[in-house]
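Positions are given from 1, in the same order as the sequence printed here.
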Amino acid sequence: QVQLVESGGGLVQAGGSLRLSCAASGRTLGSYSMGWFRQVPGKEREWVTMIARSDGSTYYAESAKGRFTISRDNAKNTVFLQMNSLKPEDTAVYYCGATTEPCGSRWERDYSFWGQGTQVTVSS
């Protein structure tokens, strides 16, 4: 069992930056590939990025490429999402998830554990 807790969300102006954290307890994050998803009211949860447990490879949705960076610190059992050049359309609740898929997954259904989410609001 893994418990995930996101933090770092908030209100930021367009063009600004935020760094989200996802802290795990219960088991080491090194056993999992980790993903970040986001969701706005009335829409499905959208995959943003992931980092593979197998070799640390990272993958990004087109909307995140060049602006977002996922990283992990296994010693701290924490995954990070650095978000730069934020846009109003990035406004959402951001969730981290853990999956045993070696390379991670773009599909919500493949994730076994989720955090409670952290709100990111980008003003224009």
Side-chain angles (χ1 to χ4, degrees):
Q1 193 79 3
V2 176
Q3 293 78 44
L4 302 174
V5 178
E6 301 97 335
S7 61
L11 174 63
V12 64
Q13 288 189 331
S17 298
L18 283 174
R19 189 192 195 204
L20 306 184
S21 299
C22 173
S25 60
R27 288 194 66 179
T28 176
L29 276 187
S31 302
Y32 299 92
S33 298
M34 300 297 296
W36 284 96
F37 287 69
R38 64 189 183 186
Q39 189 171 25
V40 298
K43 292 190 176 182
E44 294 185 353
R45 199 167 290 190
E46 173 192 22
W47 172 72
V48 176
T49 180
M50 61 192 179
I51 184 165
R53 68 171 173 85
S54 56
D55 60 1
S57 295
T58 57
Y59 306 88
Y60 297 91
E62 284 298 322
S63 60
K65 283 182 181 177
R67 301 188 300 125
F68 294 3
T69 303
I70 188 172
S71 62
R72 67 194 304 162
D73 185 335
N74 287 340
K76 295 183 178 179
N77 233 22
T78 302
V79 174
F80 303 98
L81 180 62
Q82 178 67 42
M83 304 188 294
N84 299 326
S85 302
L86 282 162
K87 305 174 182 179
E89 51 263 45
D90 294 318
T91 295
V93 177
Y94 283 71
Y95 298 89
C96 67
T99 175
T100 54
E101 294 289 332
C103 296
S105 173
R106 293 172 171 80
W107 306 109
E108 182 182 357
R109 63 176 178 263
D110 291 328
Y111 288 77
S112 302
F113 305 103
W114 293 95
Q116 82 291 347
T118 185
Q119 176 71 47
V120 171
T121 303
V122 184
S123 63
S124 57

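Members clustered with Val79: Val2, Leu4, Val12, Leu18, Leu20, Leu29, Tyr32, Met34, Trp36, Val48, Ile51, Tyr60, Phe68, Ile70, Leu81, Met83, Leu86, Tyr94, Phe113, Val120, Val122, by chain and number, using a 4.5 Å side-chain heavy-atom cutoff among hydrophobic residues. Membership of an apolar cluster is not assigned to Leu11, as no side-chain contact below 4.5 Å to another ILVMFWY residue is traced.
Residues passing the salt bridge (Lys or Arg N to Asp or Glu O under 4.0 Å) test with Arg53: none are found, sequence neighbours excluded. Remark: Glu89 engages Lys87 in a side-chain contact (heavy atoms from CB on, under 4.5 Å) (not counting sequence neighbours). By the side-chain contact (heavy atoms from CB on, under 4.5 Å) test, Ser124 is found to be paired with Pro88, residues two or more places apart in sequence or in another chain being considered. With sequence neighbours excluded, the residues satisfying salt bridge (Lys or Arg N to Asp or Glu O under 4.0 Å) with Glu108 are Arg45. Ser71 pairs by the side-chain contact (heavy atoms from CB on, under 4.5 Å) definition with Phe80, not counting sequence neighbours. Remark: Glu44 pairs with no residue by the side-chain hydrogen bond (donor to acceptor under 3.5 Å, both in side chains) rule, at least two apart or across chains. For Lys43, there are no salt bridge (Lys or Arg N to Asp or Glu O under 4.0 Å) partners two or more places apart in sequence or in a different chain. Taking Asp110 as the reference, Thr99, Glu101, Ser105, Trp107 meet the side-chain contact (heavy atoms from CB on, under 4.5 Å) condition, with sequence neighbours excluded.
Within the structure, the salt bridge (Lys or Arg N to Asp or Glu O under 4.0 Å) test picks out the following pairs touching residues 66-78 (sequence neighbours left out): Arg67-Asp90. Applying the side-chain hydrogen bond (donor to acceptor under 3.5 Å, both in side chains) test to every pair with at least one member in residues 8-23, sequence neighbours left out, gives these pairs: Ser17-Asn84.
Closest approach of Ser63 to Arg38, counting heavy atoms only: OG-NH2, 3.5 Å.
Annotation: Tyr111 is not in aromatic contact with Tyr95 [ring centroid separation under 6.0 Å not met].
The main-chain N or O of Pro102 is found under 3.5 Å from a side-chain atom of Ser33 such that the two form a donor-acceptor pair. Using a distance-only test at 3.5 Å, with no hydrogens or angles considered, a donor-acceptor pair links the side chain of Asn77 to the main chain of Arg27. Panel note: side chain Gln116, backbone Val5; no donor-acceptor pair is recorded below 3.5 Å. Judged purely by atom type and a 3.5 angstrom limit, Gln1 has no side-chain atom pairing as donor or acceptor with the backbone of Gly26.
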